[in-house]
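Worksheet: the structure to be examined is printed underneath.
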Amino acid sequence: MRFPFHFRLIPFIAALLVALVGIALGNWQQGRAAYKLAVQEKLATLATEAPMALGSALTPAAQLEYRHVSVSGEFVAGWPLFLANRPMAGRPGYYLVMPFKIAGSNTHVLVMRGWLPREAEYGKLPAFTTPSGTVTVEGIVVASAGHVMDLGEAAPLAPKAIVQNIDPALVAKATGLVLQPFFVQQTGPDQPGELDDMLLRVWPSPSSGIDKHRGYAFQWYALAAMAILFFVITGFRSGAKSGAKQADAGKPEAETSDAGN
């Protein structure tokens, strides 16, 4: 028995749109996974290299991103900034960011010094220490300090400001300092008693979430396949129902014809 397919334009357009969106979002998630896989491979390669001395010449972030660097100079103690909504191990807290004057120059770089827990009293800043004089810190160059949803209009940058997000260009404008267009995510020194060992430096890996992106891609592709499958199945069901109705409508006429013979 043949089951005719009943084509309907509106369900076809709807299924096509859902399928196209699913494929597009699946491809995007696959692209994110491929990007993070490339970052992972780059990090593994750079991890074997000795720290590079960071100089005063302004350098695009793309040229140094994820490089392990060493920089000597002094922290600008009067300009601590606190990045809010940066939890760690389930605890609310901040990333402490401070300008760092590169030795022998007028160039600065923003150093993400580490994580501090948020005090129970709202608005009260956590205690921390800042080394004085010339020090040497090591870290990883990152183009961004991470981005979280802005809750309302951002407050003007000022010393000890609590902000959701931060950009070197905005900090340069607020402070009047010459700043490298990237951050140094400090990794050391972290020996007891050296510099600021009260700060935690367990930074999230930029390559994390590869499997998550692949899982999301599979879900979007599955949605696209289901939309097409649903359209095909309902088309055949609708065609079968229409065929059955036509067969039922033709029965009395056939029976009358047989009685006349």
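Listed here is the closest heavy atom pair of Ile102 and Val71: CG1-CG2, 3.9 Å. The shortest heavy-atom contact between Arg91 and Pro117 is NH2-CB, 3.3 Å. Heavy-atom minimum distance, Ile228 versus Ala15: CD1-O, 4.3 Å. Ile166 approaches Ala145 most closely through the heavy-atom pair CG2-CB, 4.0 Å. Taking both residues in full, the closest heavy atoms of Gly114 and Arg201 are given as CA-CG, 4.1 Å, listed atom of the first, atom of the second, then distance. Closest approach of Gln30 to Ala217, counting heavy atoms only: CG-CB, 3.7 Å.
In this structure, Arg113 forms a cation-pi arrangement with Phe75, its terminal cationic atom sitting closer than 6.0 Å to the ring centre and no more than 45° off the ring axis.
If you chain together ILVMFWY residues whose side-chain heavy atoms come under 4.5 Å of each other, Ile233 ends up grouped with Leu229.
Ser56 and Thr107 form no side-chain donor-acceptor contact under 3.5 Å, judged by distance and modelled atom types alone.
Counting non-hydrogen atoms of other residues, nucleotides and ligands closer than 6.0 Å to CH2 of Trp220 gives a total of 12 or fewer. For Tyr216, the OH atom counts as loosely surrounded, since its 6.0 Å shell holds 12 or fewer non-hydrogen atoms of other residues, nucleotides or ligands.
Here the CG atom belonging to Leu83 is positioned 11.5 Å from the CG atom belonging to Leu116, to the nearest 0.5 angstrom. Taken from OG in Ser72 to NZ in Lys101, the straight-line distance is 12.5 Å, to the nearest 0.5 Å. Rounded to the nearest 0.5 angstrom, Leu96 CG and Leu200 CG are separated by 12.0 Å. Distance CZ/Phe82 to CE/Met98: 8.5 Å, rounded to 0.5 Å. Separating the OG1 atom in Thr187 from the NE2 atom in His68 is a distance of 4.0 Å, to the nearest 0.5 Å. Rounded to the nearest 0.5 Å, atoms CG (Leu17) and CD1 (Ile13) are 7.5 Å apart.
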Show the numbers, then the answer: is there a side chain to side chain contact (heavy atoms under 4.5 Å, CB included) between Val148 and Arg86? CA-CA 9 Å; Val148 300; Arg86 265 61 177 193; 3.4 Å; yes
Check the pair Ile140 / Val69 against side chain to side chain contact (heavy atoms under 4.5 Å, CB included), numbers first and verdict last. CA-CA 6 Å; Ile140 305 296; Val69 297; over 6 Å; no
Stepwise, does the side chain to side chain contact (heavy atoms under 4.5 Å, CB included) test hold for Tyr221 with Asn27? CA-CA 9 Å; Tyr221 290 144; Asn27 289 343; 2.5 Å; yes
Take Arg8 and Thr234 through the side chain to side chain contact (heavy atoms under 4.5 Å, CB included) test and state the conclusion after the steps. CA-CA 10 Å; Arg8 292 179 295 174; Thr234 53; 4.0 Å; yes
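Under the 4.5 Å side-chain criterion, counting only non-hydrogen atoms from C-beta, Asn106 is in contact with His108. Proximity of Phe230 to Val18: side-chain heavy atoms (C-beta onward) are nowhere separated by under 4.5 Å. Annotation: side chain of Ser144 is not in contact with side chain of Phe182 (no heavy-atom distance under 4.5 Å). A heavy-atom distance below 4.5 Å is not found between the side chains of Val97 and Val111. Side-chain atoms of Trp115 and Tyr94, non-hydrogen and from C-beta on, never get closer than 4.5 Å to each other. The shortest distance between side-chain heavy atoms of Lys160 and Leu125 falls below 4.5 Å.
Remark: the backbone N or O of Gly188 is paired with a side-chain donor or acceptor of Gln186 at under 3.5 angstrom. Using a distance-only test at 3.5 Å, with no hydrogens or angles considered, no donor-acceptor pair links the side chain of Asn85 to the main chain of Gln164. Here the side chain of Thr59 pairs a donor or acceptor atom with the backbone of Ala57 at under 3.5 angstrom. Side chain of Arg214 to main chain of Lys212: no donor-acceptor pair is present (N/O by atom type, distance under 3.5 Å, no hydrogens or angles). Judged by distance alone, with hydrogens and angles left aside, the side-chain atoms of Arg67 form no donor-acceptor pair with the main-chain N or O of Met52 at under 3.5 Å.
With sequence neighbours left out, Arg118 forms a salt bridge (charged side-chain N to carboxylate O under 4.0 Å, His left out) with no residue at all. Evaluation of the side chain to side chain contact (heavy atoms under 4.5 Å, CB included) rule for Pro168 yields Leu110, Phe183 as partners, not counting sequence neighbours.
Within the 6.0 Å centre-distance limit, the rings of Trp203 and Tyr95 are counted as a close aromatic pair.
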